[in-house]
Protein chains: 2
Amino acid sequence: MQYLMIKDAIEEQIESGMLKSGHKLPSERVLAESFSTTRITLREALNHLALSGKVYKEERRGWFVSTDTLSFNPVTDTDFAKVCQKQKWHYAVSSISAQRVLAPKEIAETLQLPPFSYVIMQTKLWTIEGRKAAVQYQYAPEKQFSNIAMIDEDANLTEYLKVHYLCESQKNRVKVEVAPATELESSTLNISSGSMLMSITQTAINNQNISYLLQVLRISHDLVTIEIE
Amino acid sequence: MQYLMIKDAIEEQIESGMLKSGHKLPSERVLAESFSTTRITLREALNHLALSGKVYKEERRGWFVSTDTLSFNPVTDTDFAKVCQKQKWHYAVSSISAQRVLAPKEIAETLQLPPFSYVIMQTKLWTIEGRKAAVQYQYAPEKQFSNIAMIDEDANLTEYLKVHYLCESQKNRVKVEVAPATELESSTLNISSGSMLMSITQTAINNQNISYLLQVLRISHDLVTIEIE
DNA sequence: GAGTGGTCTAGACCACTGT
DNA sequence: CAGTGGTCTAGACCACTCC
């Protein structure tokens, strides 16, 4: 199995520090030639490395060495910005969209909304250490929050609900899965369509035991470790 | 993108019920010919389908349609057998090995053991609905459990500790990640080396706040959904 | 022994990125 | 513009599974 030897060779270059976090690997053609093989075999090796989180790919830009992972506890951490801050990572958030929409089926079910309910939906892009890392979706039922439609695109919804409605989560219901990137996600994150993302869904529940906020973080799997204490 | 069309076509056959859970797909060569393409392109399509958990592959045997997922709460569910029972799945456990070993570095750290500690290590294969589904590793520190070395290969370690040492978990520390299959795992589960597994690590903590059992479940990702309430 | 997936070769053209 | 990855073709041989 040639591709396993190539995988190990590249892996060693990374472990030994020859290739550092964020660095770009040589092009597939160059690598293939230097291992005397074809691009297909080489890509097989890189795909395996990517699965173990050592490297990642940006669409049509090339392969890069992954950074360390962010430790994330979805049961307690509702504010992703704080998670980044705690671990002293450089991050930036930007709004992709903020709209009032008819609740999609899955959202309505999770939040236990009646038919034809509207939700405020915010979509955001998280950039971590200069890399487009995650897309986040947040949904808050309009009914529970009058005047919420006026919320600013760039506001932090979690913070906003806490400040303006004194709504803070007592606990979260959490779901973790791997899933292929959607079209929006792949184009936003510059990754190939259908590539693997870690999907973390949190449903915040208030002290009256009512779900009031649903947020989904879809993040490159090599960037995060899920740890629950 | 031909492979996306092929993916969708196969997906539709599954959704529509033409191909049912557990059924084997036609061979790659047959499928490739019926879509007028090459095996490489066809495999690209199948790999994408596999990522979304719709199909899975067994080494040199072919591609199969996945079953529904098992819902698993790693914070509360320490006995995997009960998880299977609750969802009325047919399952079987068999012992791969049971030995007394010097605690590997990572295990010693997690269980906070001094150097040169021995642990009882059980390795098991879980077969679900006829499919080799998961490999489980369990580690219990020998010091805390005198005479434990006499434990039967086929015993349930969780149950054994509860009955013989009144040791029941108050809470669990949990880690969830995706990881490539090791050699042991791929040969045991009949999957190709390095293919993706969901890895769930649980550290059971007793009422004196001491870690007394570490278990790792490595399961095909299309078989499980992680849900924490 | 026939058929399967596992791996590999040696090319090709395209859309896009970066300069 | 040159170079990159994205996608695809048309084969090949091997080790293994299943009958």
Side-chain angles (χ1 to χ4, degrees), chain A residues 1-10 22-51 55-65 130-132 180-181 183 185-196 220, chain B residues 1-10 22-51 55-65 130-132 180-181 183 185-196 220:
Chain A
M1 265 96 77
Q2 200 178 338
Y3 77 89
L4 289 180
M5 293 169 51
I6 296 174
K7 192 202 81 173
D8 291 341
I10 299 174
H23 279 197
K24 185 177 182 303
L25 270 62
S27 79
E28 292 182 357
R29 283 173 178 81
V30 169
L31 282 173
E33 194 171 358
S34 73
F35 287 109
S36 306
T37 184
T38 54
R39 274 178 68 203
I40 291 195
T41 301
L42 182 95
R43 282 167 70 94
E44 185 82 9
L46 288 174
N47 281 330
H48 277 246
L49 260 189
L51 179 60
V55 298
Y56 66 96
K57 186 166 55 164
E58 283 187 27
E59 179 91 350
R60 288 179 201 284
R61 287 186 12 91
W63 294 85
F64 300 83
V65 180
R131 170 181 172 197
K132 291 177 179 175
E183 284 303 319
E185 289 151 5
S186 32
S187 62
T188 308
L189 299 177
N190 287 132
I191 57 181
S192 46
S193 121
S195 56
M196 177 171 40
S220 301
Chain B
M1 264 96 76
Q2 201 178 339
Y3 78 89
L4 288 180
M5 294 170 51
I6 297 173
K7 192 203 82 176
D8 291 340
I10 299 175
H23 280 198
K24 186 177 179 305
L25 270 63
S27 79
E28 292 181 358
R29 283 174 179 81
V30 169
L31 282 173
E33 195 171 0
S34 73
F35 287 109
S36 306
T37 184
T38 54
R39 275 179 66 205
I40 291 194
T41 302
L42 181 95
R43 283 167 70 94
E44 185 82 9
L46 288 174
N47 282 330
H48 277 245
L49 260 189
L51 180 59
V55 299
Y56 67 96
K57 186 166 56 164
E58 283 187 28
E59 179 93 349
R60 286 178 202 286
R61 287 188 9 93
W63 294 85
F64 300 83
V65 179
R131 169 180 172 197
K132 291 177 180 176
E183 284 303 318
E185 287 152 6
S186 34
S187 62
T188 307
L189 299 177
N190 287 131
I191 57 181
S192 46
S193 120
S195 56
M196 177 173 38
S220 300

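Numbers restart at 1 for each chain; the letters A, B, ... are given by sequence-line order, proteins then strands.
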Item to check | Axial bend angle, the helix from C:dG1-D:dC18 to C:dG18-D:dC1: five-pair end segments, nearest 10° | outcome: 10°
Checklist entry - In whole angstrom, what separates B:M1's CE from D:dC8's C1'? => result 13 Å
Checklist entry - Hey, does the side chain of A:R61 come within less than 4.0 Å of C:dC16's phosphate (OP1/OP2), counting only N and O? => result no
Checklist outcome for this item: Per side chain to side chain contact (heavy atoms under 4.5 Å, CB included), B:Y3 is matched among B:T41, B:D8, B:T37 by B:T41
Checklist entry - If you take all heavy atoms of A:A50 and A:W63, which pair is closest and at what distance? => result CB-CZ3, 4.1 Å
Checklist entry - Mind checking whether B:K57 and B:R43 have side chains closer than 4.5 Å, heavy atoms only? => result yes
Item to check | Separation of C:dT4 C1' from B:W63 CH2 (nearest whole Å) | outcome: 13 Å
Checklist entry - Rounded to the Å, how far apart are B:L25 CG and C:dT4 C1'? => result 14 Å
Next on the checklist: Regarding B:R60, tell me which of base, sugar-phosphate or nothing describes its non-hydrogen contacts under 4.0 Å with the strands shown.
Outcome noted: base
Checklist outcome for this item: Here the distance between atom P of D:dT7 and atom CD1 of B:I6, to the nearest Å, is 12 Å
Checklist entry - Taking all non-hydrogen atoms of both residues, which atom of A:Q2 and which atom of A:F35 are closest, and how far apart? => result NE2-O, 4.0 Å
Checklist entry - Within this structure, what is the CD-to-C1' distance between A:Q2 and C:dT9, rounded to whole angstrom? => result 10 Å
Checklist entry - Does A:Y3 put a side-chain nitrogen or oxygen below 4.0 Å from OP1 or OP2 of C:dT7? => result yes
Next on the checklist: At a heavy-atom distance below 4.0 Å, what parts of residues 31-48 of chain B sit against DNA chain C?
Outcome noted: B:R39, B:I40, B:R43
Checklist entry - Distance check: side-chain N/O of A:K57 vs OP1/OP2 of D:dG6, anything under 4.0 Å? => result yes
Checklist entry - What closest approach, in Å, do A:E185 and A:P180 show between heavy atoms, and which atom pair accounts for it? => result OE1-O, 4.2 Å
Checklist entry - Is there a side-chain contact between A:S220 and A:R131, using heavy atoms and a 4.5 Å cut-off? => result yes
Checklist outcome for this item: note: B:N190, atom CG; C:dT4, atom P; distance rounded to Å ~ 18 Å
Checklist outcome for this item: A:I191 CD1 to C:dC16 C1', in whole Å, measures 17 Å
Next on the checklist: Could you measure the distance from the CD atom of B:E28 to the CD1 atom of B:I40? Nearest 0.5 Å is fine.
Outcome noted: 10.5 Å
Item to check | Closest contact, heavy atoms only, A:I191 versus A:A181 | outcome: CD1-CB, 4.0 Å
Checklist entry - Hey, is the side chain of A:R29 pairing donor to acceptor with the base of D:dG3 inside 3.5 Å? => result no
Item to check | Interatomic spacing from CD1 in A:I10 to CG in A:L46 - rounded to 0.5 Å | outcome: 4.5 Å
